[in-house]
Amino acid sequence: MPKNTPSFSKKLISWYLHNKRELPWRGTKNPYHIWLSEIMLQQTRVAQGLPYYLKFIENYPTVQQLAHAPEDAVLKLWQGLGYYSRARNLHATAKMVSKDLKGVFPKTYKDLLQLKGVGDYTASAIASICYNLPEAVVDGNVYRVLSRYFGISTPINSSAGQKEFKKLAQLVIDTNEPGTYNQAIMEFGARFCVPQNPNCGNCIFNDSCEAYKSNKVSELPVKLKSKAVRKRFFNYMVIISEDEKTLLQQRLGKGIWHKLYEFPLIETSEEVTLSELKKLPQFQKFSENMEIESISLYNETPIVHKLSHQHLLTRFWIVTSKKEVKNLIPISEIFKYAVPVLIENFVSEFFEGS
DNA sequence: AATCCGGGGCA
DNA sequence: TGCCCAGGATT
């Protein structure tokens with residue numbers, strides 16, 4: 001189909017060799033390092049993931065050391081990076097590779113795909129970068145570059161689009177150096193063929209890019225709109241005991257922040273007053289083994305914590321207690337627990353200097 | 001096929 | 001504000 005495919009991949013690789021960023025996971029084929037970086041960079045910018053990559057390599061230099069770490073420690077190190085199932089799957093896969101595979105990562109696309117947290121993109125990335133296999137990656141950058149260069153308007157988040165772009169990516173990959181090619185097209189998308197206002201006038205492809213020729217660069221790629229975000233109302237009960245302790249609970253159900261810690265949470269369907277809060281069954285349960293001395297609202301205006309798919313309108317209630325409550329932890333030890341950024345921000349603000 | 005799952009950067 | 005980011009799992 002694409003008649004200038006060789007030129008496309010060659011120019012891409014040439015651009016890459018002259019313009020690539022030097023990153024810690026470049027220039028190595030160590031599958032542990034590549035795997036770790038690829039998991040971290042899922043839906044995550046290089047600038048955001050980089051410090052986490054360095055922390056993980058420093059704390060866990062080998063897959064065996066990661067495997068032997070407690071899950072809580074892995075989650076704590078992952079704290080702030082989001083999409084925490086990645087951290088749980090990372091740890092599970094480390095244990096699997098360490099025990100069942102004696103520390104040796106799978107060496108084919110098909111076998112890599114069996115690992116928890118490794119999908120089409122990540123299996124292709126590891127296979128091509130570590131083992132020189134001609135497996136084309138398709139990430140957000142690849143969608144953008146291919147849709148523009150070839151002028152394809154199939155929505156990238158439709159199943160038809162995913163198939164079409166995967167097939168095209170596999171067609172144009174440079175099979176002689178697939179790892180370099182895959183990184184080249186992603187780097188090109190991340191650094192030059194950017195979503196907004198790309199510098200097409202200076203682009204190496206401005207003589208062959210279909211979108212540029214037809215003045216449709218700003219319209220590609222096409223993406224179906226997702227539905228509106230859900231609003232949720234969170235009331236966090238921050239217990240302060242006389243001996244400077246508080247209560248944290250681990251989230252164990254389905255949903256966001258699985259296995260992270262937070263203050264006791266009372267979720268409501270709307271913003272509530274203190275008297276309304278006190279009437280709720282969840283509040284009764286919360287306070288049943290306590291002798292509450294006082295409750296005061298820390299923030300009248302809810303803190304809006306925005307996730308990609310829901311907005312959390314959050315208010316913190318400060319609860320002082322006379323009677324000893326069970327399972328309290330010293331406030332000075334909150335930092336040992338993996339908590340959502342929403343909680344971390346409150347803790348650092350509220351307990352600052354105390 | 002659609003939805004869920006974080007957090008941050010940018011125009 | 002809305003969109004995007006070296007996506008994957010679940011329903």
Side-chain angles (χ1 to χ4, degrees), chain A residues 16 20-21 23-26 34-53 75 78-90 92-93 112-126 128-129 135-145 155-163 165-166 169 179 181-191 193-198 218 220-230 232 251 253-260 304-312 338-345:
Chain A
Y16 175 67
K20 68 173 179 177
R21 293 165 285 185
L23 298 170
W25 51 85
R26 296 233 220 256
I34 299 300
W35 165 70
L36 179 61
S37 70
E38 294 299 345
I39 299 297
M40 283 185 167
L41 293 176
Q42 289 168 3
Q43 291 292 286
T44 304
R45 292 171 193 281
V46 167
Q48 189 185 3
L50 181 53
Y52 287 86
Y53 176 83
L75 281 170
W78 195 275
Q79 178 181 308
L81 197 53
Y83 285 151
Y84 297 94
S85 67
R86 292 185 294 171
R88 301 190 302 270
N89 287 334
L90 183 84
T93 291
L112 286 163
L113 209 48
Q114 303 307 311
L115 303 176
K116 276 189 183 178
V118 174
D120 187 298
Y121 164 80
T122 305
S124 300
I126 298 172
S128 62
I129 295 171
E135 304 289 349
V137 297
V138 182
D139 75 333
N141 296 304
V142 175
Y143 278 124
R144 189 166 54 255
V145 173
I156 61 173
N157 55 344
S158 66
S159 48
Q162 290 176 18
K163 277 188 197 170
F165 282 98
K166 177 71 183 184
Y181 166 81
N182 276 337
Q183 295 179 83
I185 189 170
M186 289 191 286
E187 186 81 341
F188 184 72
R191 306 272 291 178
C193 192
V194 292
Q196 302 295 329
N197 305 317
S218 63
L220 294 173
V222 173
K223 193 171 185 181
L224 270 28
K225 284 183 185 124
S226 53
K227 65 168 206 173
V229 300
R230 177 165 64 120
R232 303 175 69 179
R251 293 181 67 93
K254 293 207 172 260
I256 60 173
W257 302 331
H258 185 62
K259 292 193 177 178
L260 272 63
V304 184
H305 189 75
K306 294 178 179 180
L307 308 183
S308 54
H309 55 300
Q310 47 187 269
H311 289 354
L312 311 177
V339 299
V341 166
L342 172 63
I343 301 297
E344 176 69 26
N345 289 345

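Within every chain, numbering begins at 1; the chains are lettered A, B, ... in the order of the sequence lines, protein sequences first and strands thereafter. What you see is a predicted model, and the numbers here were worked out from it, not measured in a lab.
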Measure the distance from [atom1] on [X] to [atom2] on [N] and round it to the nearest whole Å.
X         : N       : atom1 : atom2 : answer
Leu260(A) : dG6(B)  : CG    : P     : 8 Å
Ile39(A)  : dG8(C)  : CD1   : P     : 7 Å
Lys20(A)  : dA6(C)  : NZ    : C1'   : 15 Å
Ile126(A) : dG7(C)  : CD1   : C1'   : 13 Å
Glu38(A)  : dG8(C)  : CD    : P     : 9 Å
Asn89(A)  : dT10(C) : CG    : P     : 8 Å
Lys223(A) : dT3(B)  : NZ    : C1'   : 14 Å
Arg232(A) : dC4(B)  : CZ    : P     : 11 Å

Report which part of the nucleic acid [X] touches: base, sugar-phosphate, or nothing (heavy-atom distance under 4.0 Å, all strands).
X         : result
Gln48(A)  : base
Ser37(A)  : nothing
Asn182(A) : nothing
His258(A) : nothing
Val118(A) : sugar-phosphate
Gly80(A)  : sugar-phosphate
Ser308(A) : base
Gly255(A) : sugar-phosphate

Consider the side chain of [X], meaning its heavy atoms from C-beta on, and name the nucleotide among [options] that approaches it most closely.
X         : options                : value
Pro195(A) : dT1(C), dC4(C), dC5(B) : dC4(C)
Lys306(A) : dT1(C), dG6(B), dA6(C) : dT1(C)
Ile256(A) : dC4(C), dC3(C), dG6(B) : dG6(B)
Pro340(A) : dG7(B), dC5(C), dC4(B) : dG7(B)
Leu41(A)  : dG8(B), dG8(C), dA6(C) : dA6(C)
Val341(A) : dG7(B), dA6(C), dG8(C) : dG7(B)

Any [X] side-chain nitrogen or oxygen under 4.0 Å from OP1 or OP2 of [N]:
X         : N      : result
Trp78(A)  : dG7(B) : no
Tyr83(A)  : dC4(B) : no
Arg144(A) : dC5(C) : yes
His309(A) : dC5(B) : yes
Gln310(A) : dC5(B) : yes
Gln43(A)  : dG7(C) : yes
Ser226(A) : dT3(B) : no

Is a donor on one side and an acceptor on the other found under 3.5 Å between the side chain of [X] and the backbone of [Y]?
X         : Y         : result
Thr44(A)  : Gln42(A)  : yes
Asn157(A) : Leu224(A) : yes
Lys166(A) : Ala136(A) : yes
Arg232(A) : Gln310(A) : no
Arg88(A)  : His258(A) : yes
Ser128(A) : Ala125(A) : yes
Tyr84(A)  : Ile256(A) : no

Let me spell it out: for each of Asn345(A) and Lys254(A), pick the nucleotide of DNA chain B with the closest heavy atom. Which residue's pick is nearer the 5' end?
Lys254(A)

Need to verify one output field. Residue with the more 5' nearest nucleotide on DNA chain B, Lys227(A) or His305(A)?
Lys227(A)

Ignoring hydrogens and geometry beyond distance, is the side chain of Arg86(A) in donor-acceptor contact with the base of dC5(B) at under 3.5 Å?
no

What I want to check is whether an N or O donor and acceptor connect the side chain of Thr44(A) with the base of dG6(B) at under 3.5 Å.
yes

For the pair Leu260(A) and Trp78(A), evaluate side chain to side chain contact (heavy atoms under 4.5 Å, CB included) and give the outcome as yes or no after the intermediate values.
CA-CA 11 Å; Leu260(A) 272 63; Trp78(A) 195 275; over 6 Å; no

Quantified in whole Å, what is the [atom1] atom distance between nucleotide [N] and nucleotide [M]?
N      : M       : atom1 : answer
dC3(C) : dT3(B)  : P     : 16 Å
dA6(C) : dC10(B) : P     : 12 Å
dC5(C) : dG6(B)  : C1'   : 12 Å

Start at the 5' end of DNA chain C and walk down; is the nucleotide closest to Met186(A) or to Gly117(A) reached first?
Met186(A)

